There are 2 protein chains.
Amino acid sequence: MSDRPATLRDVAAAARVHPATASRALNPGTRLLVSEETARRVTEAAERLGYRPNPVARSLRTRRSHTIGVLIPDLNNPLFPPIVRGLEDRLAKHGYVVLIGNTDGDLARERMVFDQMRARHVDGFVLATATLHNPLLAEAAEADLPVVLMNRTAQGYQFSSVSVDNEQGEWAAVAHLASLGHSRIGHIAGPQEISTGVSRLRGFLDGMRAAGLAADESRIVYATGYSIEEGRRCGHELLAPGSGLTAIVAANDMLAVGCYGAFDDLGLRCPEDIAVIGFNDMPFIDRLRPPLSTVRFPHYKLGTEAAKLLLERIEDPDSPVKILYLAPELVVRGSAVPLAPAAVAGLPGGAADPDDMIAPNTVPLRRGAGRRKR
Amino acid sequence: MSDRPATLRDVAAAARVHPATASRALNPGTRLLVSEETARRVTEAAERLGYRPNPVARSLRTRRSHTIGVLIPDLNNPLFPPIVRGLEDRLAKHGYVVLIGNTDGDLARERMVFDQMRARHVDGFVLATATLHNPLLAEAAEADLPVVLMNRTAQGYQFSSVSVDNEQGEWAAVAHLASLGHSRIGHIAGPQEISTGVSRLRGFLDGMRAAGLAADESRIVYATGYSIEEGRRCGHELLAPGSGLTAIVAANDMLAVGCYGAFDDLGLRCPEDIAVIGFNDMPFIDRLRPPLSTVRFPHYKLGTEAAKLLLERIEDPDSPVKILYLAPELVVRGSAVPLAPAAVAGLPGGAADPDDMIAPNTVPLRRGAGRRKR
DNA sequence: GGGGCGGGAACAATCGTTTTCCGTTTCTCG
DNA sequence: CGAGAAACGGAAAACGATTGTTCCCGCCCC
């Protein structure tokens, strides 16, 4: 009947108990502190009045906001929505809610968003933007904030993380190309301040070595960011006259899409003239012209696993740090086909024999094979 | 030096004033209540201690959370990220933060998310999921919650809304097809419980009439949702043997993408055998095979405008209700080309003469022309 | 010179929960 | 039967801000 929403006081009054008792009765953790009968009376009164605890008041007292801050580069990148949904869905099950912050790859913006979230007393962070050495990480570590790194790793910090086995993925991409007869393969590397940039480059190099192929510096160009524009620029650079490349491994789908643009500019046909393989298997990437061959990993699951790690951390700050790798798989589509015999003729053959790897469509990978220490 | 973050109390103590005074000094709205000298002392103390107001405590007292609830069908739909960013960016300027809720088109889920957000005391809602008659709307209206409808409208409620002039957009799509020589044009209509579904259908019908073309029921099929699967299903239905359609206007890009699938299934080539036009100009839709011709509207701006409307409403509950329409424009790409002469021959010519509408690439539209009342 | 006025700051009361600290009561068992 | 220990639940103090009210004091004016 009251106009204002019912408060704990009201419930207590209705149940003829003290507010403190009502609180105990309603809280699962403390319910055993009151008699069954009282608990029943309180619950019933709460029910009757349509009582909804005020999360703000609760937060003020308990210093927990049940809110998680998530930092990502840009929600517009189709890679992130499924990951974020994984996070949200999992966290929602435990009563947490997500605040999304877009950094646009800008350190100042990242700082702003981070501070803003700290001010709002988020209970933890999921960082998908961390660069290898990041002041935020130091700060978070010092403040003892629960943090999980997602799709990123950082050295020297005690943070749990979940990411993809990038080395394996890129290794498989190279092996695939080699099996198709390609030997002059270039790489568009991601930014080297970002963990994915370096690990994918490493995977590429390992893969080339394993296939007995040369991978000198002239065949590697570094993107300054994971964007279509950068992909296009790097594509041009890689395909400068005389390079003779027949295939490109791009560190990320966006870069690969940029390559498509470069191919158009240069009048090259993909896959006939030039092959390209991406990384991530973004939504809709299978509908491009041609459908992009790429390395897939379970996006949604990346989110749910990150959420699990973070929840562990929040519920028990002393829980062990976990580093989780998700297995990637190669998805063979239309952007890389066997090298035309004519072109193959004069080339030194690839040494790899990855027959056992190239299943009809997708190839689950095992961890460990091509992986290096450090 | 203190370990815990500084509180208003600390600041007050440092400035040798009462906490209340410190509060007033720090708050722009009440600063004039304290002397200049005191204000300076307080501000300085706050600065020195690195004071950050605790938003939770503030919320408890002021009953404003500076949080906005945003309900969308699914973040994975590439249409939404840019819209959401528009919202976030604009709201952030005013110190608001956004909670995103995905409903997956499920009423029960929508209800859950809505309640959850109300429990968290959001200061307002942006609804991009509203169906024409929605219990949520009634509830929100009764509770006097600030609400803005985005990309949706609803009848009989006093809510501001911002959406696209769907009639104009679809009208232009039809005119374009007619100008290309198509006359047997089908429509995949969106769900009729959703405002975009009905207004785009209306635009289609108006457009057909204006072009002097027949649009009987057999050429309209209703999707139950804006999904690729539904698009495929409806595409099949529309292209059943004997239909003789040469073009399809889809109420949304997802449905159009679904059509691509149906074409593949049926061995039809697009655009040679069958043309299709979408709606929304989702990100990446220009990179499909073939690039989709579609109706574009400014996504980001839709978000910022919705934010502005909501802020108005929050700051002054008596501000007038505003219904805002954004102008769409036709984007001509590769999924609709002039009908081959052979096919055109035996057909009754389209009556439209839309020369003035078909600019080289995009066509800004004027409101009013093909629009109907009610 | 006293009453009135008003600016400026202090006091105190919230906001709605949780939680610590204690009184009661009741139960158990020697 | 009485001592000690559970078991319950009430009182009150937070949590950190905002805000209505009171109070003090200097100043103006009659």
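Keep in mind it's a predicted model, so treat the numbers as computed, not measured. Sequence lines set the chain letters: A, B, ... in the order given, protein chains first and strands last, and positions in each chain run from 1.
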Euclidean distance, atom CZ of residue B:R64 to atom C1' of D:dT19 [Å, nearest integer]: 16 Å
Nearest to the side chain of B:T38, heavy atoms from C-beta on, is which of D:dA11, C:dG8, D:dT18? C:dG8
Looking at B:L8 and B:S23, what are the two nearest heavy atoms and their distance? CD2-CB, 3.7 Å
What nucleotide among D:dG9, D:dG16, C:dA9 has an atom nearest to a side-chain atom of A:L60? D:dG16
Please classify the nucleic acid contact of B:P55 as base, sugar-phosphate, or nothing, using heavy-atom distances under 4.0 Å. nothing
Does A:T62 make a side-chain N or O approach to OP1 or OP2 of C:dT18 shorter than 4.0 Å? no
To the side chain of A:A57, which of C:dA10, D:dA11, C:dT17 is closest? C:dT17
Measure the distance from CG on A:L32 to C1' on D:dG9 and round it to the nearest whole Å. 15 Å
D:dG9 phosphate, OP1 or OP2, under 4.0 Å from A:S35 side-chain N/O: yes
Select base, sugar-phosphate, or nothing to describe what A:R52 touches, counting heavy atoms under 4.0 Å on all strands. sugar-phosphate
Think B:S23 has a side-chain N or O under 4.0 angstrom from the OP1 or OP2 of D:dA17? no
Using a distance-only test with no angle check, is there a side-chain donor-acceptor pair under 3.5 angstrom linking A:T129 and A:E110? yes
With the side chain of B:R61 defined as its heavy atoms from C-beta on, choose the nearest nucleotide among C:dT17, D:dT18, D:dC15. D:dT18
If you compare every side-chain N and O of B:N54 against the phosphate oxygens of D:dC15 (OP1, OP2), does one of them come in below 4.0 Å? no
Among the nucleotides D:dC15, C:dC15, D:dT18, which one has an atom lying closest to any side-chain atom of A:R63? D:dC15
For A:E315, I'd like to know if atom CD has over 12 heavy atoms of other residues, nucleotides or ligands within 6.0 Å. yes
Here the distance between atom C1' of D:dA17 and atom CG of B:N27, to the nearest Å, is 10 Å
Hey, does the side chain of A:S59 come within less than 4.0 Å of D:dC15's phosphate (OP1/OP2), counting only N and O? no
In terms of heavy-atom contacts, B:A140 and B:F159 come closest through CB-CZ, 4.2 Å
Quickly work out the A:H18 NE2 to C:dT19 C1' distance and round it to whole Å. 12 Å
Answer yes if the side chains of B:N77 and B:Y226 hold a donor-acceptor pair under 3.5 Å, and no otherwise. no
Just how far, in rounded Å, is P of D:dC8 from CD of A:E37? 12 Å
Inspect the contact between A:R111 and A:D115 and indicate whether a charged nitrogen and a carboxylate oxygen are less than 4.0 angstrom apart. yes
Among the nucleotides D:dG9, D:dG16, C:dC11, whichever has the atom closest to the side chain of B:T7 is D:dG16
What integer distance in Å separates A:L49:CG from C:dG16:P? 14 Å
Taking the side chain of B:V17 as heavy atoms from C-beta outward, which of C:dT18, D:dG16, C:dA10 is closest to it? C:dA10
Identify which nucleotide among D:dG9, C:dT17, D:dG16 has an atom closest to any side-chain atom of A:R58, counting heavy atoms from C-beta outward. C:dT17
Closest to side chain of B:R24, choosing from D:dA17, D:dG16, C:dA10: C:dA10
